[in-house]
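First the structure, in the form of structure tokens, and then the observations on it.
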2 protein chains.
Amino acid sequence: MNFNPVELIIKKKTGKSLSFSELKYFIESYLNNKLPEYQMASLLMAINLQGMEIKEIQTLTEIYIESGKRIKFPSNYRTIDKHSTGGVGDKISIVLAPIIAACEGKIPMISGRGLGHTGGTLDKLESIPGFRTNLSEEQFRKLVDEIGFSIIGQSDELIPADRRIYALRGVTGTVDSLSLITASIMSKKIAEGAQNLVIDLKVGLGAFIKNIETANELADLLIKTGEKFGQRVSVIISNMNSPLGEYAGNALEIRECIEYLKGKNIPDIDLLTKTLASEMLLLSDITSNKIEAETMINNSIKNRTALDSFRKFVKAQGGNPEVCDDPSILPQAEYEIPIISDNEGWVESIDTQNIGYALIDIGAGRKALDSKLNYASGTYLPKKIGNHVRKGEQIGKVFCDEEECGKEVAKKILGSYKISNIEVKPQKLIIKVIRYNN
Amino acid sequence: MNFNPVELIIKKKTGKSLSFSELKYFIESYLNNKLPEYQMASLLMAINLQGMEIKEIQTLTEIYIESGKRIKFPSNYRTIDKHSTGGVGDKISIVLAPIIAACEGKIPMISGRGLGHTGGTLDKLESIPGFRTNLSEEQFRKLVDEIGFSIIGQSDELIPADRRIYALRGVTGTVDSLSLITASIMSKKIAEGAQNLVIDLKVGLGAFIKNIETANELADLLIKTGEKFGQRVSVIISNMNSPLGEYAGNALEIRECIEYLKGKNIPDIDLLTKTLASEMLLLSDITSNKIEAETMINNSIKNRTALDSFRKFVKAQGGNPEVCDDPSILPQAEYEIPIISDNEGWVESIDTQNIGYALIDIGAGRKALDSKLNYASGTYLPKKIGNHVRKGEQIGKVFCDEEECGKEVAKKILGSYKISNIEVKPQKLIIKVIRYNN
């Protein structure tokens, strides 16, 4: 069918819904370079400001999926994936996937790179010498089959519509549209073949979503869109007001993950990982008993079966598996700059987003998609909201290869902590669990 | 100054105002091809949906003006122009300018072409054999000086910002933004050197503005933007629910204009022309007495001084002035298709916009800026809302060079008339006069 693109833009601009054939025409014409970028940009801004009905979002997701290949696994595989909306120090996928694999789950994970103030799972994994994230579909399937999981990047064949529109959103100021976020996440997670999905929806100063109302709205869109495609979706709304774990930085986080899988107690990583893992086992019917799920998860760490899964995974994707025994083979930074508190009191708030942006200066994060990373650099920040600090106490470290720049970053990080002289309560990490029930 | 275009788009998207330097950076970068079309498209849609403060609109107008040349006439010239927001059968400029010139006014008129369902003054004039609208600035000034008026098209030197953004608005669904309409109209009318301006703001089914609230809002923006640049602006809000005059079509309207200037009574053309002309004479201080203004206007027609002005103008712009005595030198259509009423009653409504679009099929209007026109084609439609029609009565004609197509157009036009069996009152043509007083 043939439509007038301007009429479709005006339809959306005036708050009306676009039909399947209208959206398909618009997006297909765009992908075939028959519709110019400026018309897509105009439509994206109209969608951003006028929103979409849930039916429209489902339609958009369908068109995204149909724009490329769709991987399917046998239904007895009980494939399950986890998606995080992104935060600072968020390394959960890297410990979660081997745990689930050790519990007989199958995780076909297509992941992303860091952009803006948030890190990316692919970047973190690539800090392991030799590690590759650009496997073929065949290799990907084989790993999911044999090891239980694989983590790769998006290929040219999966969801080309999302890839091009995602890039255009970044340069047209239309990133925060809940409709477009939903279609983008869900199309990838459906096309990769996950039958079940647990979403870690982060809210707070260090997340893209700043308030709980928006988080609830997005959770609802994600769950309803999953339903439409027969994918069971649960959402965990979690707090992103403090960095997650004690380290942020690519190689530093890999080391922290390995320590966690070896049994080190890191409270926030532990709580979030186990909450997500438990939901994943329940959702994919590996067990229907929450206590049993928790036992399976605890055992996978205690018996080091999760660590074994991780070791196999690193080796299968070209990385050096000795990293599990000797973390010193990871890139090491030349300097460690201490961060010294100039105040006494309780941590009231942490401008986590600001910390994420500061880390870009030492190469731990990306400004643009083609920015070069310094895998060794990063930060150690064990203090959470509600923790007490003394004046002159070392509250953290910056790892870097350029001393002066590192000192500047240390200053920026220190400035991101607000210290109160009245006692501050710690914040709850898990805000809400929206469990799939159908 | 250097800005991040994405941040500026997001600023506008979230309803904030952009400053002079921010808007200037964005528009200048766009004109220098340093900022891509898709970012301008995204900003235009954000402006369309979030609106602009009056100060922002004035700033935008200033940046538009500064993007090109600005023509200035000596202040004792009392230059005055008229702008219409566009309708069907709107030939008023072509009779108004010679009347004002005959009353000693100076009208430097830069006019437009028809697009969509509305006609354009330049197209109508170019139906006169030999007539040229692409004069140099020097010729334009000379004609305003010697004859009292000239009507030309926009050159490359005047308001390049508007020219490029206007074209982009057409293809990105952002035409109906009051902020962008105001900056577009006012920048042109200020840059052409008009010290005074009367705007015919059309409302109704045949106009871009469909309701009186929007018309009032736009009138306010136009007047306040004029004030900012020392231009005195009055606005006449007029009814566009019936086509204006009895003819629509380029050469047909020129013939109707000449007949009017020779004294033929065409009630709606007469009322609107005299209302606008009277405001123009008062606004430009040619007289401060309304009765005197009306007498001057009536005399210019009675004494044929307005017709003489028109004749000189046609000759000066390369056209054949004999058109004033022998309209048969205008292009003539081969066929005249009668439009026969299939109903008895009173005209309740006329889908004037639909008629405008139907006329495109026989070449009287344009689909795209490069569409070729058929100057001879058009329609004769003397019935207005409230007029009585009998079943079988000929209520109009279609003039065309292709009989079959003309018959289809006649059907479409007939279908645009809604006939009621209850008596319908005629509608007021002049809805409101908002007179400049400062």
Side-chain angles (χ1 to χ4, degrees), chain A residues 2-16 18 22 26 29-30 33-52 115-117 164-180 208 210-211 214 353 357 360 367-369, chain B residues 3-16 18 22 26 29-30 33-52 115-117 164-180 208-211 214 353 357 360 367-369:
Chain A
N2 237 322
F3 294 95
N4 178 345
V6 177
E7 275 174 27
L8 300 185
I9 295 169
I10 291 172
K11 202 168 167 187
K12 180 38 68 190
K13 185 183 85 172
T14 50
K16 296 183 190 78
L18 296 176
E22 288 170 337
F26 208 99
S29 308
Y30 177 62
N33 299 314
K34 284 177 186 159
L35 187 138
E37 303 268 356
Y38 55 75
Q39 288 186 327
M40 182 53 90
S42 179
L43 183 71
L44 292 176
M45 182 55 83
I47 291 172
N48 199 168
L49 283 167
Q50 293 288 16
M52 279 181 145
L115 191 58
H117 69 283
R164 275 196 59 190
I165 292 171
Y166 190 87
L168 189 60
R169 280 166 61 203
V171 293
T172 53
T174 52
V175 167
D176 69 352
S177 154
L178 297 189
S179 313
L180 298 172
F208 288 112
K210 309 287 179 199
N211 65 69
T214 311
Q353 180 165 314
Y357 281 121
I360 293 173
K367 215 170 237 166
L369 273 171
Chain B
F3 295 95
N4 178 344
V6 177
E7 275 174 26
L8 300 185
I9 294 169
I10 291 172
K11 201 169 168 186
K12 179 41 66 191
K13 185 183 84 172
T14 50
K16 296 184 191 78
L18 297 176
E22 288 171 337
F26 208 99
S29 307
Y30 177 62
N33 300 313
K34 284 177 186 160
L35 187 138
E37 303 268 354
Y38 55 74
Q39 288 185 328
M40 181 55 90
S42 180
L43 183 72
L44 292 176
M45 182 54 84
I47 291 173
N48 199 170
L49 283 167
Q50 293 289 17
M52 278 181 146
L115 190 58
H117 68 282
R164 275 196 60 191
I165 293 172
Y166 190 87
L168 189 61
R169 280 166 61 204
V171 293
T172 53
T174 52
V175 166
D176 70 352
S177 155
L178 298 190
S179 312
L180 297 173
F208 288 111
I209 309 286
K210 308 288 178 198
N211 66 69
T214 311
Q353 181 165 315
Y357 280 121
I360 293 174
K367 215 170 236 165
L369 273 171

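Lettering of chains follows the sequences in order, A, B, ..., and the numbering in each one begins at 1.
Interface check for chain B: of the options A:Leu168, A:Thr172, A:Asp176, A:Ile10, the most heavy-atom pairs under 4.5 Å are formed by A:Thr172. Most heavy-atom pairs under 4.5 Å with chain A: of the set B:Val175, B:Asn48, B:Leu44, B:Leu43, this distinction falls to B:Asn48. Contact tally against chain A (heavy-atom pairs below 4.5 Å) for B:Lys11, B:Gln39, B:Lys13: the top residue is B:Lys13.
Proximity to chain A is absent for every atom of B:Asn4, based on heavy atoms less than 4.5 angstrom apart. Neither the backbone nor the side chain of B:Leu8 comes within contact range of chain A, judged by heavy atoms closer than 4.5 Å.
Of all the heavy atoms in B:Met45 and A:Ser42, the pair that sits closest is CE-OG, 3.3 Å. When all heavy atoms of B:Ile9 and A:Val171 are compared, the closest pair comes out as CD1-O, 4.3 Å.
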